[in-house]
Amino acid sequence: IEQPTFPKITEMCVKMIRRVNDEEGIKKLVNETFQKLWFTPTLHHDKEAMTRKILNITDVVAACRDTGYDWFEQLLQNLLKSEEDASYKPVKKAAGSDFQITKTKTNMGNYSDNKGVNSGRLVACITTLFLFSKIRPQLMVKHAMTMQPYLTTKCSTQNDFMVICNVAKILELVVPLMEHPSETFLATIEEDLMKLIIKYGMTVVQYCVSCLGAVVNKVTQNYKFVWACFNRYYGALSKLKNQHQEDPNSTILTANKPALLRSLFTVGALCRHFDFDQEDFKGNSKVNIKDKVLELLMYFTKHSDEEVQTKAIIGLGFAFIQHPSLMFEQEVKTLYNSILSDKNCSVNLKIQVLKNLQTYLQEEDTRMQQADRDWKKVAKQEDLKEMGDISSGMSSSIMQLYLKQVLEAFFHNQSSVRHFALNVIALTLNQGLIHPVQCVPYLIAMGTDPEPSMRNKADQQLVEIDKKYAGFIHMKAVAGMKMSYQVQQAINTCPKDPVRGFRHDESSSALCSHLYSMIRGNRQHRRAFLISLLNLFDDTAKTEVNMLLYIADNLACFPYQTQEEPLFIMHHIDITLSVSGSNLLQSFKE
């Protein structure tokens, strides 16, 4: 176990996994390679081969840590889902064999005894188990009790926190699938999670509350336990609010700031996973808990301290996932829209509002997918589809409220604001919540962003829209070009220099080259687009001279493929010059 796998093998595996979404032929090869390499059942007595496999898998997971686990998840999905209906299931057999998983856990045990030296391997092992649990949680049901003690890990390094978070995520997926788990085991998990929620920071609190939500809501129904925790933090917030109202400059509030921040975050996190307006929590009380929580959190969004404002907005975002209808409240609309549209507002607050919308849409997407899976299982008995339609109707209404302000966030000089705005728009379009035509000019504009990842994402959205709605791109192309100029102006770090329409690299490619390449295929659309751009140079168009420079740069550097394309432009420039050129010379003479 101490012997490391060869770094070269790990590197090759990572490179192969990244091809998992390529065309069918390559995808098939990747799947077959990893099925043979990792998921062919090993004879029980061959411990060395088993250890090599485990080390190789965990090394690959560790190597994917910085770039994300999407490719690895997709590989597992391909291998485990492909044999769902097959009678012989070699991958499931290999992945689920008691020996393999127990062996992995033995490794974890060995490594955890000598913390610091091998904690990286421990994190990789537990992350691997989480990724398996995410795709096929049934594999881990027998081993949930072995995972529970890791919740008591003493946290001193980043790796320790990662262990706790991943164990919480595993238990969240696995515990609800256990048949008749012991009460002692469940009570221990609840207590361990509560200790972690009270003691550690945001990330741990988030995952532990999420795990507690799955355990309490789906298994133990121990609502009193959660209600007591909620009241602890809600009570603290109410008290701090009253103190602040009496004396906003009180030194007590400064001393209690850490408690205030923790309470704002934890109340929100609890409201995300538990509906405290249920009778199980509040009994016969007529108090509307969600409205009280909204009132408290809204109060602290007006605090003078930006950190307090941010935590209050995070708390609101959590609460809106459980109760999306709160986003229709006038004070919430005013708060969100003012933060997004105010140019002088803090970047952190803007990003947090966009993150809230992003998380809400991601959660809705997950719910819809789950509803779809459930619907397929019981299609003949219940109309679950209708439930899904109601849910997507609310998402659509919510996004209509905030769409304009989110799109306007593209014109921000901070790339992080543009990044989250683009994420929100991509999720909204992928879920079909709005008509795409209104987003086309903004996506064309974002296709000129200096960051390649954002350019690619915006371009991909345009390609998807073009597939479904032919002609939309052409219809909004000129508006998109003008808007891209505005984006470039916002990004421009040196306002004295005019914005140029090409990239300052070896190729000197036009900023809007992707737009042109999408329109170029249709001769009628291409010519109409080019003439519309040339018409902007007419005196009657009264176009700003710096924008004309930007458009001229693009026209000069578009990726033309036939001689006819630039000759068509030259011909029309020639006609324009022969008329307006001579007029201009005459004006100067006079």
Side-chain angles (χ1 to χ4, degrees), residues 161 196-210 229-274 276 289-323 326-327 329-360 402 405 409 412 414 416-417 420:
F161 286 112
L196 292 166
I197 290 166
I198 290 164
K199 187 173 182 182
Y200 291 115
M202 280 201 304
T203 311
V204 173
V205 170
Q206 204 169 330
Y207 289 121
C208 289
V209 170
S210 184
C229 176
F230 171 75
N231 275 316
R232 170 184 181 158
Y233 288 106
Y234 178 83
L237 267 188
S238 298
K239 190 178 173 186
L240 289 164
K241 178 193 169 186
N242 293 336
Q243 286 174 346
H244 186 262
Q245 282 174 324
E246 285 167 21
D247 179 11
N249 302 316
S250 166
T251 50
I252 301 169
L253 282 171
T254 313
N256 285 333
K257 185 182 168 182
L260 172 59
L261 296 176
R262 176 175 284 279
S263 299
L264 288 167
F265 186 86
T266 311
V267 163
L270 287 165
C271 286
R272 175 178 179 171
H273 297 283
F274 299 97
F276 291 109
I289 303 294
K290 73 172 187 287
D291 289 348
K292 288 284 182 189
V293 168
L294 178 66
E295 186 190 328
L296 255 184
L297 293 173
M298 284 300 298
Y299 178 81
F300 286 104
T301 60
K302 300 173 184 73
H303 200 278
S304 56
D305 188 321
E306 190 187 302
E307 205 178 347
V308 173
Q309 285 179 292
T310 307
K311 283 288 188 294
I313 291 170
I314 292 173
L316 282 173
F318 287 152
F320 296 159
I321 290 168
Q322 180 70 247
H323 304 287
L326 292 175
M327 280 193 263
E329 295 289 332
Q330 188 55 49
E331 55 183 337
V332 175
K333 286 193 284 186
T334 306
L335 174 74
Y336 270 24
N337 285 335
S338 63
I339 287 173
L340 290 174
S341 56
D342 183 359
K343 287 181 180 171
N344 300 319
C345 187
S346 147
V347 170
N348 289 337
L349 296 182
K350 278 185 194 290
I351 289 173
Q352 194 50 59
V353 167
L354 291 167
K355 275 185 181 176
N356 283 3
L357 291 170
Q358 177 183 308
T359 311
Y360 164 70
Y402 302 108
Q405 281 70 22
H412 201 280
Q414 292 283 333
S416 48
V417 175
F420 285 107

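Everything numeric in this text was worked out from a predicted model, so none of it was measured.
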Could you list the donor-acceptor pairs under 3.5 angstrom formed between side-chain atoms of residues 231-241 and any protein atom two or more places apart in sequence or on another chain?
from	atom 1	to	atom 2	distance (Å)
Asn231	ND2	Trp227	O	3.2
Ser238	OG	Tyr234	O	3.1
Lys241	NZ	Glu295	OE2	3.3

Side chain to side chain contact (heavy atoms under 4.5 Å, CB included) against Thr203, all qualifying residues, sequence neighbours excluded: Cys165, Tyr207

Partners passing side chain to side chain donor-acceptor pair (under 3.5 Å) against His303 (at least two apart in sequence or in another chain): none

Those residues that, when tested against Phe420, pass ring-ring contact (aromatic ring centres under 6.0 Å, His included) (two or more places apart): none

Residue pairs passing the salt bridge (Lys or Arg N to Asp or Glu O under 4.0 Å) test where at least one lies in residues 306-321, sequence neighbours excluded: Lys257-Glu307

Partner of Tyr402 under ring-ring contact (aromatic ring centres under 6.0 Å, His included), chosen from Tyr360, Tyr336, Phe320: Tyr336

Residues which pass side chain to side chain donor-acceptor pair (under 3.5 Å) with Thr301, listed by chain and number, not counting sequence neighbours: none

Side chain Asn337, main chain Gln405, donor-acceptor under 3.5 Å: no

Shortest non-hydrogen separation from Cys208 to Ile197 and the atoms involved: CB-CG1, 3.7 Å

Expected output: side-chain Thr266 to main-chain Ser263 donor-acceptor under 3.5 Å: no

Enclosure of Lys302 NZ (heavy-atom neighbours >12, cutoff 6.0 Å): yes

Spacing of Glu331 atom CD and Leu326 atom CG [to the nearest 0.5 Å]: 9.5 Å

Closest approach of Ile314 to Gln352 (non-hydrogen atoms, all atoms of both residues): CG1-CD, 3.2 Å

Val308 and Leu260: CA distance, side-chain angles, deciding distance, side chain to side chain contact (heavy atoms under 4.5 Å, CB included) verdict: CA-CA 8 Å; Val308 173; Leu260 172 59; 3.9 Å; yes

Pairwise ring pair (Phe, Tyr, Trp, His ring centres under 6.0 Å) hits with a residue in residues 250-273, at least two apart: Phe265-Phe318

Ring geometry between Phe300 and His244 (parallel below 30°, tilted from 30 to 60°, perpendicular above 60°): tilted

Those residues that, when tested against Tyr200, pass side chain to side chain donor-acceptor pair (under 3.5 Å) (two or more places apart): none

Residue pair Leu264, Leu296: steps toward the side chain to side chain contact (heavy atoms under 4.5 Å, CB included) verdict: CA-CA 9 Å; Leu264 288 167; Leu296 255 184; over 6 Å; no

Close side-chain approach of Phe276 to Phe230, heavy-atom, < 4.5 Å: yes

Nearest-0.5 Å distance, CG of residue Leu335 to CG of residue Leu297: 11.0 Å

Gap separating the CG atom of Leu349 from the CG atom of Leu340, nearest 0.5 angstrom: 10.0 Å

Side chain to side chain contact (heavy atoms under 4.5 Å, CB included) assessment of Ile313 paired with Lys355: CA-CA 10 Å; Ile313 291 170; Lys355 275 185 181 176; over 6 Å; no

Sequence-distant partners of Asn242, side chain to side chain contact (heavy atoms under 4.5 Å, CB included), two or more places apart: Gln245

Arg272: partners by salt bridge (Lys or Arg N to Asp or Glu O under 4.0 Å), with sequence neighbours left out: Glu363

Side-chain heavy-atom pair Gln309, Asn348 within 4.5 angstrom cut-off: no

Closest heavy-atom pair and its distance - Gln414, Val347: CG-CG2, 3.8 Å

Derivation of the side chain to side chain contact (heavy atoms under 4.5 Å, CB included) call for Leu316 and Leu294: CA-CA 7 Å; Leu316 282 173; Leu294 178 66; 3.6 Å; yes

Side-chain donor or acceptor of Lys290 paired with backbone N/O of Cys271 under 3.5 Å: no

Gln243 side chain reached by Asn256 side chain, heavy atoms, under 4.5 Å: yes

Side chain to side chain donor-acceptor pair (under 3.5 Å) partners of Ser416, counting only residues at least two apart: none

Contact summary for Lys333 and Met327, nearest pair of heavy atoms: CG-O, 3.6 Å

